Number of protein chains: 2
Amino acid sequence: MSEKKIATIKDVARLANTSTATVSYVLNEVPSRYVSADLRKRVLDAAAELHYIRSTMASGLKGKKRGIIAALVPQFTNIFFNRFLLGVEQVAHRNNYIISVCNTFDDSVYEKQVLYNAIGHHVDGFILVPTEGSYSNYEIVRNFQVPYVVAERPLHQSHNYDFVAMDNYDAGYTATKHLINCGHRRIGLMTWRTNVTTLQGRPEGYYAALKEAGLEISPNLLYAGDFSEEAGARLTRQMLKDNPDITAIVYDYHVQALGGYKALKECGVRIPEDISVVIVGDPEWEFIADPPLTCIQLPAFQVGQRSAELLFDKILATGQDTPHTPVSETIKGTLLQGKSVKTLL
Amino acid sequence: MSEKKIATIKDVARLANTSTATVSYVLNEVPSRYVSADLRKRVLDAAAELHYIRSTMASGLKGKKRGIIAALVPQFTNIFFNRFLLGVEQVAHRNNYIISVCNTFDDSVYEKQVLYNAIGHHVDGFILVPTEGSYSNYEIVRNFQVPYVVAERPLHQSHNYDFVAMDNYDAGYTATKHLINCGHRRIGLMTWRTNVTTLQGRPEGYYAALKEAGLEISPNLLYAGDFSEEAGARLTRQMLKDNPDITAIVYDYHVQALGGYKALKECGVRIPEDISVVIVGDPEWEFIADPPLTCIQLPAFQVGQRSAELLFDKILATGQDTPHTPVSETIKGTLLQGKSVKTLL
DNA sequence: GTTACATAGGCAAACGTTTACTTAGTTTTG
DNA sequence: CAAAACTAAGTAAACGTTTGCCTATGTAAC
């Protein structure tokens with residue numbers, strides 16, 4: 001009930017009967033500052049008694065680190081970015097940082113607001129998953145020399161930044177290759193029509209696997225549409241109609257696969273007897289589906305972790321001694337076998 | 001490349017050839033301050049030219065609002081809290097606030113760290129989803145009079161706080177009632193053995209529905225276990241063995257339902273012909289399951305929204321004019337019909 | 001018995017804003 | 001026409017920390 005105010009360093013100094021300087025030195029454990037055991041104890045006791053908590057914003061004003069990084073992701077209900085953020089959070093926490101999670105909704109106007117807001121908060125660094133138009137938004141981040149790492153989607157206007165992403169090419173390749181290894185020859189692909197360039201790695205991997213196996217690469221087998229269940233269902237029906245001879249489908253996105261799976265069942269197509277299915281992604285329901293889906297597990301958590309690690313390397317690099325050449329890393333996914341692929345003789 | 005520093009109000013004042021006071025007044029659009037059109041323009045131009053961004057931490061030092069709230073949730077990979085956070089974010093953004101999302105991992109030690117950290121950042125308010133032992137952790141929040149709203153799980157040591165949660169009792173009741181309406185008489189329940197008191201509303205709702213229908217309430221029909229797929233599977237087998245006569249099962253948690261669904265299929269039980277199933281929760285895969293699950297859609301987004309609205313009511317209530325009696329709200333879920341329930345004659 | 005260093009701790013100036021005061025000139029009012 | 005009221009803008013004191021600089025001992029070295 002008492003109108004208690006949060007204790008300041010002055011209150012602690014007063015109670016410990018010393019100066020704020022000493023309190024600051026004691027609490028920051030500055031080794032070069034001599035403080036007698038007695039006084040140190042008085043300070044510590046006073047701080048404990050008053051429940052003193054350093055004001056990060058006051059100390060931030062003096063050029064100290066703020067202990068906060070911002071992560072901008074396009075959709076935080078997407079399980080992929082969820083796991084990604086979990087990876088970021090783990091590393092942040094290990095460094096005693098908190099993380100401000102911002103959803104950009106894949107909208108660069110919204111993103112810009114969020115970015116300015118965060119800059120105003122003097123965050124120590126950014127983990128950025130770009131959206132279209134991000135490059136110009138990032139100008140302030142570059143100008144103010146706030147450390148940042150770009151994740152998952154590259155900026156095509158520049159190559160001068162650290163980048164971590166999952167290996168989309170490998171994911172597309174592995175999914176397709178698995179079907180080929182199981183004897184499939186006519187394999188359809190359903191993908192998302194997007195401008196996000198890394199994601200184009202998925203169809204590229206598909207092509208590469210086909211080519212390597214000497215299979216015909218037909219544009220008829222490629223279906224691209226919206227990032228929606230509806231598109232997945234509609235295009236699946238279309239694909240079946242256009243290509244009565246296909247034996248397998250690769251779904252590049254779980255959302256489309258969801259619609260596709262339903263459409264296949266509705267058409268009376270049996271999985272995997274009539275059509276085998278592999279999806280890129282591990283949406284959590286891959287094994288509840290009937291039959292359980294063979295899928296490519298994506299390294300979302302690891303991408304988050306690695307991005308954060310790189311960011312902290314930069315944040316904690318005190319001087320700008322080493323000019324730091326930008327790194328670009330990709331992390332591969334893993335094939336998880338379900339029961340949606342039939343082995344052909 | 002230039003070692004550009006972020007512009008301060010002084011830089012703007014210098015460029016506009018005026019004082020920092022005027023800049024501050026102009027930029028804050030203080031109506032009581034007279035500024036000539038000419039000077040105002042000079043200030044605005046200077047600010048734009050220098051890409052001035054107000055330092056939230058410096059202005060925060062002067063007792064201004066920080067524009068940041070913290071949301072502490074136990075698990076942010078849980079789809080429920082995801083949607084919940086989306087609701088919080090929506091309201092926060094509408095108020096021009098950013099949100100710091102912190103995962104407590106249902107660990108009160110971790111939670112305490114996060115809480116102290118956030119207090120040090122002088123966040124303007126908290127959305128708190130408690131974990132066990134939270135009450136004492138919240139002491140600093142109470143002491144420092146930082147506004148907060150508790151969501152989803154109540155604190156049983158006090159009643160003096162704002163609280164928003166989904167209606168677990170209603171969810172349990174509605175799920176069970178639906179089965180009863182479809183003619184089921186022997187209905188099993190699988191739930192999570194937890195100390196989170198609100199969650200006990202789910203089994204209570206189940207009991208209430210049975211009682212209302214004059215059905216036998218047998219402890220044999222109640223199976224409680226871990227929050228895991230494995231427990232869901234194991235206990236489902238046990239339930240079937242113990243009660244050969246049951247015709248339906250209510251799963252209180254989607255994670256257990258996942259294991260349960262698999263176990264049912266492995267045992268050769270047909271859904272819904274042999275056993276009908278309703279789950280509490282809408283985990284995103286409810287309709288990919290085979291057959292699609294009848295479920296209770298949880299109002300996660302709305303709970304997040306409402307919590308944030310209450311929080312902003314408190315944050316924005318300038319004076320402490322009205323002493324504010326604590327509110328406690330619950331929001332009901334909705335029945336979503338799948339094909340996992342058979343209507344008995 | 002100076003000089004030098006190690007130990008111990010206080011003073012006060014930043015950091016970037018906000019805002020209560022102050023100063024002045026220009027209208028309006030009685 | 002003097003007093004009041006409005007318009008316009010600058011000064012400087014906070015806010016809570018950090019840290020360079022200073023002072024004052026005690027003790028070891030020359």
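FYI, side chains are in, hydrogens and waters are out, and symmetry mates aren't considered; it's all heavy atoms of this structure. Numbers restart at 1 for each chain; the letters A, B, ... are given by sequence-line order, proteins then strands. None of the values given here were measured: they were computed from a predicted structure.
- Within 4.0 Å of A:Arg33, counting heavy atoms only, lies at least one base atom of the nucleic acid.
- Residue A:Ser24 is in base contact, counting any heavy-atom pair closer than 4.0 Å across all strands shown.
- Taking the side chain of A:Thr8 as heavy atoms from C-beta on, and the options D:dT11, C:dG10, D:dG16, the nearest nucleotide is D:dG16.
- Between A:Asn28 atom CG and D:dT17 atom P the separation is 10 Å, expressed in whole Å.
- Not one N or O on the side chain of A:Asn28 forms a donor-acceptor pair closer than 3.5 Å with the backbone of A:Val30.
- Projected onto DNA chain C by closest heavy-atom contact, B:Tyr25 and A:Asn17 fall at different nucleotides, the more 5' of which corresponds to A:Asn17.
- Side-chain to base pairing of B:Lys62 with C:dT17: no donor and acceptor N or O lie closer than 3.5 Å to each other.
- Heavy-atom nearest nucleotides on DNA chain C were determined for B:Val30 and for A:Tyr34, and the one closer to the 5' end corresponds to A:Tyr34.
- You'll find that the side chain of B:Thr20 is closest to D:dA12, out of D:dA9, D:dG16, D:dA12.
- Ranking D:dT17, C:dT17, D:dT19 by closeness to the B:Arg54 side chain, first place goes to C:dT17.
- Taking atom CD1 on A:Ile9 and atom C1' on C:dG9, their separation rounds to 14 Å, with Å as the unit.
- One can place CZ of B:Arg40 at 13 Å from P of D:dT7, the figure rounded to the nearest angstrom.
- Under the 4.0 Å criterion applied to side-chain N and carboxylate O atoms, A:Asp45 and A:Arg42 are not assigned as salt-bridge partners.
- Taking atom CZ on B:Arg66 and atom P on C:dT17, their separation rounds to 13 Å, with Å as the unit.
- At the phosphate of C:dG10, OP1 or OP2 sits under 4.0 Å from a side-chain N or O atom of A:Thr22.
- Between the side chain of B:Arg66 and the backbone N or O of B:Val123 there is no donor-acceptor pair closer than 3.5 Å.
- Nucleic acid contact class of B:Ser19 (heavy atoms, under 4.0 Å, all strands): base.
- The nearest whole Å value for the distance from the NZ atom in B:Lys65 to the P atom in D:dC15 is 17 Å.
- Side-chain contact annotation: A:Asn137 with A:Glu111, donor-acceptor N/O pair under 3.5 Å present.
- In this entry the distance linking CG of B:Leu39 with P of D:dT7 reads 16 Å, nearest Å.
- Side-chain rings of A:Tyr138 and A:Tyr161 stay apart, their centers remaining 6.0 Å or farther from each other.
- Each of A:Tyr52 and B:Thr18 was assigned the nucleotide of DNA chain D with the nearest heavy atom; the assignment lying further toward the 5' end belongs to B:Thr18.
- As rounded to whole Å, 16 Å separates atom P of D:dT18 from atom NE2 of A:His122.
- With rounding to whole Å, B:Leu27 atom CG is found 13 Å from C:dG16 atom C1'.
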